[in-house]
There are 2 protein chains.
Amino acid sequence: MDMTVSSLAATDRGHKCGVLAEHLARIGDRWTLPVVVTLREGPLRFNQLRRAVAGISQQMLTRTLRTLERDGMVARTVHPTVPPQVEYALTVMGNSLADQGLQLGNWIHANLQAIDRSRTVFDARETD
Amino acid sequence: MDMTVSSLAATDRGHKCGVLAEHLARIGDRWTLPVVVTLREGPLRFNQLRRAVAGISQQMLTRTLRTLERDGMVARTVHPTVPPQVEYALTVMGNSLADQGLQLGNWIHANLQAIDRSRTVFDARETD
DNA sequence: CGGCATCCTAGCCGATACTG
DNA sequence: CAGTATCGGCTAGGATGCCG
């Protein structure tokens with residue numbers, strides 16, 4: 001049984017689909033995709049990552065990385081040095097997630113103009 | 001200048017990338033993708049859509065559809081009958097968004113097992 | 001039937017301070 | 001350097017009730 005686009009669509013119709021929605025929400029949160037996409041170019045240490053993502057708080061980076069690690073998207077490696085060094089790297093699955101994120105990002109980037117125009121038109125009609 | 005995956009990655013590194021994050025958050029919210037994917041198979045009326053999505057409240061369906069309409073993803077057509085009928089259909093751009101959603105859905109579906117396993121292992125280590 | 005207004009809650013997320 | 005702990009705001013989203 002192959003899992004193609006059409007078969008998923010059928011599932012979406014018939015089922016509760018709550019599981020997919022749940023995971024979609026996770027991926028769609030504020031920082032998951034930015035972090036994963038940033039890690040795509042190579043492993044980074046905590047504060048390197050913090051600087052690279054630019055805007056993320058230390059707290060949220062920690063949380064996001066924890067969740068990603070739990071989900072098997074990133075691998076956490078502690079080097080027992082002084083001071084301690086912790087490296088984060090994408091797993092194979094994490095890398096495929098990053099690909100998905102980039103595709104989504106590309107789609108957004110490609111449609112930004114159209115969306116903005118549409119919003120302007122819509123808002124203009126509301127303001128009448 | 002072509003907008004490929006690599007060029008976007010570069011943008012992500014250098015820029016604030018706040019705009020992309022903003023739109024990602026929108027797409028990644030609880031109902032946008034489910035609604036768009038459901039509409040992919042054809043136009044639906046409000047309550048048909050409500051039943052098809054299964055789990056969405058009337059309020060959230062209204063909000064989601066409004067936003068999607070504002071962003072130019074769905075077209076809203078009012079038939080002046082009694083009782084009133086309102087039909088929602090995907091625009092071309094909305095249809096391409098649905099494709100993105102399906103790809104993401106397929107990715108999730110393909111990796112569900114692995115994610116669950118990873119979580120189990122992770123949680124077991126924490127409980128030690 | 002389709003949709004707006006209101007109230008309310010959960011939890012995401014940020015800021016700050018502290019630890020090993 | 002790499003976290004943990006705590007507090008608090010904001011808002012997505014659910015429940016309910018009313019309108020055309």
Side-chain angles (χ1 to χ4, degrees), chain A residues 16-18 20-35 38-39 43-71 74-89 122 125-128, chain B residues 16-18 21-36 38-39 43-71 74-89 122 125-126:
Chain A
K16 269 181 201 162
C17 192
L20 290 206
E22 174 191 341
H23 284 264
L24 269 178
R26 291 222 28 62
I27 292 176
D29 74 352
R30 184 87 183 142
W31 296 113
T32 296
L33 251 27
V35 165
T38 302
L39 276 179
L44 288 177
R45 288 172 47 194
F46 188 86
N47 279 322
Q48 290 178 329
L49 197 46
R50 182 155 153 60
R51 280 185 293 273
V53 174
I56 193 171
S57 71
Q58 173 225 39
Q59 173 86 269
M60 286 315 297
L61 181 54
T62 299
R63 290 184 192 178
T64 303
L65 286 172
R66 275 275 177 277
T67 305
L68 285 173
E69 187 193 359
R70 190 171 102 101
D71 288 357
V74 306
R76 181 173 177 269
T77 310
V78 181
H79 297 102
T81 61
V82 179
Q85 298 197 354
V86 183
E87 230 185 33
Y88 293 93
F122 186 91
R125 292 203 323 205
E126 300 301 291
T127 315
D128 283 344
Chain B
K16 271 182 201 162
C17 193
E22 175 191 342
H23 285 263
L24 269 178
R26 293 221 26 62
I27 291 175
D29 74 353
R30 185 86 181 143
W31 298 112
T32 296
L33 251 28
V35 165
V36 167
T38 301
L39 276 179
L44 288 177
R45 287 172 49 194
F46 188 85
N47 278 322
Q48 289 178 330
L49 197 47
R50 183 155 151 61
R51 280 185 293 272
V53 174
I56 192 172
S57 69
Q58 176 221 40
Q59 174 87 261
M60 286 316 297
L61 181 54
T62 300
R63 288 186 193 176
T64 303
L65 285 171
R66 276 279 173 278
T67 305
L68 286 172
E69 186 193 359
R70 189 171 102 100
D71 288 357
V74 305
R76 181 173 177 271
T77 311
V78 180
H79 297 101
T81 61
V82 178
Q85 297 196 355
V86 183
E87 229 185 35
Y88 292 93
F122 186 91
R125 291 203 324 206
E126 298 302 290

Q: Give a yes/no on whether any side-chain N or O of R63(B) is located under 4.0 angstrom from OP1 or OP2 of dA12(D).
A: no
Q: With rounding to the nearest 0.5 Å, note down the distance linking CD1 in I27(B) to CD1 in I27(A).
A: 12.5 Å
Q: Atom CH2 of W31(B) to atom P of dG13(D): distance rounded to whole Å?
A: 9 Å
Q: Would you compute the distance between atom CG of D29(B) and atom CE of M60(B) and round it to the nearest 0.5 angstrom?
A: 6.5 Å
Q: Atom CD of E69(A) and atom P of dA2(D): how far apart are they, to the nearest Å?
A: 14 Å
Q: If every non-hydrogen atom of R50(B) is compared with every non-hydrogen atom of I56(B), which pair is closest and at what distance?
A: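 Distance-wise, the nearest heavy atoms are NH1-O, 3.1 Å.
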Q: Measure across E69(A) and R125(B) and return the closest heavy-atom pair with its distance rounded to 0.1 Å.
A: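 Answer, listing the atom of E69(A) first, then R125(B): OE2-NH2, 4.1 Å.
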Q: Need one value for R26(A): base, sugar-phosphate or nothing, where a base atom within 4.0 Å counts as base even if backbone is also close, heavy atoms only.
A: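 No contact.
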Q: Taking CG from L61(A) and P from dA2(D), how many angstroms apart are they, rounded to a whole number?
A: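 Atom-to-atom, L61(A) to dA2(D), this comes out as 10 Å.
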Q: Rounded to whole angstroms, how far apart are CG on L65(A) and C1' on dT4(D)?
A: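 The answer, rounded to whole Å, is 15 Å.
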Q: Specify the residue among F46(B) and P84(A) whose closest nucleotide of DNA chain C lies further upstream toward the 5′ end.
A: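 Its nearest nucleotide being more 5', the pick is F46(B).
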Q: Among dC1(D), dG13(D), dG17(D), which is the nearest nucleotide to the side chain of D29(B)?
A: dG13(D)
Q: Can you tell me if the side-chain N/O atoms of R66(A) get under 4.0 Å from OP1 or OP2 in dT4(D)?
A: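 Looking at the OP1 and OP2 atoms of dT4(D), one of them is under 4.0 Å from a side-chain N or O of R66(A).
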Q: Starting from the C-alpha separation in whole Å, work towards a yes-or-no answer on side chain to side chain contact (heavy atoms under 4.5 Å, CB included) for T62(B) and F46(B).
A: CA-CA 9 Å; T62(B) 300; F46(B) 188 85; 3.5 Å; yes
Q: May I ask you to say what R50(A) touches in the nucleic acid, namely base, sugar-phosphate or nothing, with a heavy-atom cut-off under 4.0 Å?
A: nothing
Q: Work out which heavy atom in V74(A) is nearest to a heavy atom in L65(A); give both atom names and the distance.
A: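 Smallest heavy-atom distance, with atoms named: CG2-O, 3.9 Å.
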Q: Rounded at 0.5 Å granularity, tell me how far CZ in R45(B) sits from OG1 in T77(B).
A: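 Between R45(B) CZ and T77(B) OG1, I get 12.5 Å after rounding to 0.5 Å.
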Q: Chain A on DNA chain C: first and last contacting nucleotide, 5' to 3', under 4.0 Å to a heavy atom?
A: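 So the contact region on DNA chain C extends dC13(C) to dG20(C).
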Q: On DNA chain D, compare the nucleotides closest to R30(B) and R45(A); which residue's is nearer the 5' end?
A: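 The answer here is R45(A).
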Q: How many Å lie between CD on E22(B) and P on dT11(D), as a whole number?
A: 13 Å
Q: Closest nucleotide of DNA chain D for Q59(A) versus for Q85(A): which of these residues is on the 5' side?
A: Q85(A)
Q: Please give, in whole Å, the distance from dA15(D) P to M60(B) CE?
A: 12 Å
